[in-house]
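In this text the structure is predicted, and so the values were computed from the model without any measurement. Only heavy atoms go into these numbers, but all of them, side chains included; no hydrogens, no water, no symmetry mates. Letters A, B, ... are given to chains in the order of the sequence lines, protein chains preceding strands, and every chain is numbered from 1.
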Protein chains: 2
Amino acid sequence: MGKESDTRERLIRAAMNLFHARGYNAVGVNEICEAANVKKGSLYHFFAGKRDLALAAIDAQWEFFRDELLEPAFATDLPPLERIRRFFIMTCAYHDSARNENGQIKGCPFGNLAMELSANDEGLRVELEKIFGRIGGYLEKALAEYSPGHDARTGAEQLLAYHQGTVLLAKTHNDQQLIEAMAGSAVELARLTATATT
Amino acid sequence: MGKESDTRERLIRAAMNLFHARGYNAVGVNEICEAANVKKGSLYHFFAGKRDLALAAIDAQWEFFRDELLEPAFATDLPPLERIRRFFIMTCAYHDSARNENGQIKGCPFGNLAMELSANDEGLRVELEKIFGRIGGYLEKALAEYSPGHDARTGAEQLLAYHQGTVLLAKTHNDQQLIEAMAGSAVELARLTATATT
DNA sequence: GTGGAACTTGACCGCTCGGTTAACTTTGGT
DNA sequence: ACCAAAGTTAACCGAGCGGTCAAGTTCCAC
């Protein structure tokens with residue numbers, strides 16, 4: 001019966017959750033192993049080290065983020081700009097439901113790691129850069145559909161920055177409502193750049 | 001002759017620079033002591049611990065940020081919205097000149113720490129929240145001058161989010177030019193919210 | 001059934017972490 | 001000149017870090 005070991009998956013899931021909740025350097029491999037109910041030797045059987053596990057965790061986080069947030073938010077049942085609004089609203093809802101044990105908002109899993117690790121690990125920096133590029137792709141597609149022929153790429157980068165900044169502020173204030181409150185201005189920002197002269 | 005020991009100040013300066021360059025958890029007290037040319041015992045003579053030193057470093061960073069960036073950027077020699085543009089441009093120039101040894105952009109000293117520590121240390125979270133509030137105050141003042149009677153507070157929060165997100169993206173792409181490129185849209189965002197109906 | 005790879009386990013490694021201690025030197029008030 | 005307080009120094013913690021290893025167990029192809 002295809003009951004292959006799920007050790008590897010448990011490790012990735014535990015690492016994903018712990019890194020998101022508390023950051024890379026604040027979480028030790030022992031803690032990850034305990035959370036995954038896996039002995040440390042097994043971790044080093046499947047992964048070259050903590051950093052390698054982090055790469056796998058980032059990948060898993062991306063798949064989760066794409067399937068649970070990006071794809072639903074940018075589904076084409078709504079007009080383009082309303083998808084962007086929905087992206088912000090769903091981000092707010094997620095952060096509300098996925099708080100830490102201490103009641104603290106976690107923030108963007110990619111933004112958190114990008115801030116903590118970009119200056120220390122070029123490889124991880126590039127990996128997170130790629131993920132931001134993919135998120136930007138969703139925004140760009142919506143903008144292009146809203147205003148064909150315009151420079152959707154730049155507008156997407158602006159909206160991505162606005163989204164990241166909003167989540168960072170929400171985390172710092174520990175108030176996810178801030179994200180939803182910014183949804184309207186995000187849409188206006190999108191409309192503005194899509195109709196700019198340049 | 002008033003040659004009081006500057007040990008304490010050297011520690012704060014070293015901690016400020018190292019925490020900004022590589023983050024809180026990635027930097028050890030030994031490294032800080034070496035950089036400050038101070039023995040560890042002296043650190044614990046002046047500070048209760050690493051966290052306490054971090055608080056002092058955040059305070060020093062704030063004074064630097066205020067004097068070198070905020071005050072010059074928001075000087076009233078320019079009209080309100082142009083001060084906001086100058087804030088972005090000066091942020092870009094700063095990040096260009098203050099790169100790490102490895103050529104990597106450091107990012108916002110407060111945003112970095114807020115992302116890394118907000119979920120782990122409520123006290124530090126509140127401290128960084130206060131600093132964001134002060135930065136927002138500068139933006140709010142400019143917005144209020146541009147459009148008296150409007151809700152400058154909300155607009156300031158939006159611009160602060162946009163600024164933080166821009167710096168995060170610049171750090172992740174390791175390209176400070178992105179910040180300057182966003183200056184124009186920041187001004188448009190400011191104009192937009194200052195003339196909104198609500 | 002047997003052999004070999006995949007996987008698991010727990011003991012163990014060197015190292016660095018944040019922090020402590022006690023003895024010493026300097027400093028400033030009286 | 002004296003003394004206490006302030007500051008400095010180097011040796012020293014226990015703990016936890018990321019990582020290793022060799023012996024065991026499970027699993028599957030043949």
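Look at CG on A/Leu11: it is 15 Å from C1' on D/dG18, rounded to the nearest Å. Look at CG on B/Asn120: it is 15 Å from P on C/dG18, rounded to the nearest Å. In this structure, A/Asn25 places its CG atom 15 Å from C1' of C/dG18, rounding to the nearest Å. Summarising the geometry, the separation between CD on A/Glu9 and C1' on C/dC7 is reported as 14 Å, rounded to the nearest angstrom. Distance B/Leu18 CG to C/dG18 P: 12 Å, rounded to the nearest Å. Rounding to whole angstrom units, CZ of residue A/Phe47 and P of C/dC7 are separated by 11 Å.
Using a 4.0 Å cut-off, no side-chain N or O of B/Tyr44 falls inside it from OP1 or OP2 of C/dT20. In this structure, A/Asn30 does not reach the D/dG16 phosphate: none of its side-chain N or O atoms is under 4.0 Å from OP1 or OP2.
Summary of helix geometry: the two end axes of the helix from C/dG1-D/dC30 to C/dT30-D/dA1, each defined by five base pairs via their C1' atoms, are inclined to each other by 10° (rounded to 10°).
The heavy-atom pair separating A/Leu160 from A/Phe132 by the smallest distance is CD2-O, 3.4 Å. Across A/Ala156 and A/Leu143, no two heavy atoms sit closer than the pair N-CD1, 3.3 Å.
Of the possible polar contacts, one joining the A/Arg22 side chain to the A/Ala26 backbone as a donor-acceptor pair under 3.5 Å is found. Counting only distance, with no hydrogens or angles, the side chain of B/Asn100 and the backbone of B/Ala21 share a donor-acceptor pair below 3.5 Å.
Of the N and O atoms on the side chains of B/Thr166 and A/Tyr162, not one donor lies less than 3.5 Å from an acceptor on the other residue.
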Q: Indicate for each nucleotide in nucleotides 6-12 of chain D, in 5' to 3' sequence, whether protein heavy atoms under 4.0 Å reach the base (B), only the sugar-phosphate (S), or nothing (-).
A: -BBBB--

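Taking CD of A/Glu129 as the reference point, atom CD1 of A/Ile131 lies at 11.5 Å (rounded to 0.5 Å).
Between B/Arg86 and B/Glu82, no side-chain nitrogen of the basic residue sits less than 4.0 Å from a carboxylate oxygen of the acidic one, so the salt-bridge criterion is not met. The pair A/Arg13-A/Glu9 does not count as a salt bridge, with every side-chain nitrogen at least 4.0 angstrom from each carboxylate oxygen. Remark: A/Arg85 does not engage A/Glu188 in a salt bridge, criterion side-chain N to carboxylate O under 4.0 Å.
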